[in-house]
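These notes concern the structure reproduced below.
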Amino acid sequence: MRLLSLLLLGGALWAQDPLRVRVVTGGHDHAPSFYTMFESMPGLNVAVEPHPRAFEGNLMKRVDVLVLYDMITTSTPEQRDRLRTFAESGKGIVILHHAICGYVDWPWWYENVAGGRYLPTSTYKHDVTIPVKIVEDHPVTSGVKDFSIFDETYKGMWISDKVKVLATTAEQTSDGPLVWISPFAKSRVVFIQLGHGSEAHRDPNYRQLVRQAIAWAGGR
Ligand SMILES: [Zn+2]
């Protein structure tokens, strides 16, 4: 009995081992409220690392999940190699909002990993009340009901027909898909188009989607 208790306690402690999350920024301005999101996420050990340091150091040993909120189009082959090694190792990646506008000259990235690309002809619209419809039952959307959010839409993007769409909108200034799972088989990759400003950052449904995306990408 005592051994069983110890085993259960050990299991509980193991389960509480925080996911090590590196939030990558740079190349696009954003509201400081973005960072407050992570204060509401227990069980995560979050550090912010802007470019050009984002992919320096021992990424593989120190990070379980990368959260990309950067918009970098020019990076060195070494930095891209590190990101590619990370992705191919089975680690988790969550791509938020304007991060889909990065690496537009890197087909391996947008075709396989991101599953989408913001094109020169794509458009955006700020300050839209967006009705969000959850279309797939998945750990990322678990417990999230359809909701509305005041945020920014993108339209005219290239979106891979291999992504698994989890949430959509009927808003005319959007392409429709708002949350998807990438076709990349070697690691878990989630894209969430939402997340421009403080209204989105403080939205409880948005926070829940981001938190669950990180957890799922990290294998929890
Ligand atoms: Zn934006």
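Numbering of residues begins at 1 and proceeds along the displayed sequence. Atoms within each ligand, like the ligands themselves, are counted from 1 in listed order. Hydrogens, waters and symmetry mates are skipped; everything else that's a heavy atom, side chains included, is used.
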| task | Identify which one of Tyr118, Trp109, Tyr110 satisfies the ring-ring contact (aromatic ring centres under 6.0 Å, His included) criterion when paired with Tyr103. | result | Trp109
| Would His126 count as a contact for the Zn ion (ligand 1), in the sense that one of its N, O or S atoms lies under 2.8 Å from it? | no
| Would His97 count as a contact for the Zn ion (ligand 1), in the sense that one of its N, O or S atoms lies under 2.8 Å from it? | yes
| Shortest non-hydrogen contact from Arg80 to Thr73? | NH2-O, 3.1 Å
| request: Looking at His196, pick out the N, O or S atom nearest to the Zn ion (ligand 1) and give its name. | output: ND1
| For the Zn ion (ligand 1), which N, O or S atom of Glu152 is at the shortest distance? | OE1
| request: Check the surroundings of atom CG in Asp137: do more than 12 heavy atoms from other residues, nucleotides or ligands lie under 6.0 Å from it? | output: no
| Pair Thr76, Arg82: side-chain N/O donor-acceptor within cut-off below 3.5 Å | no
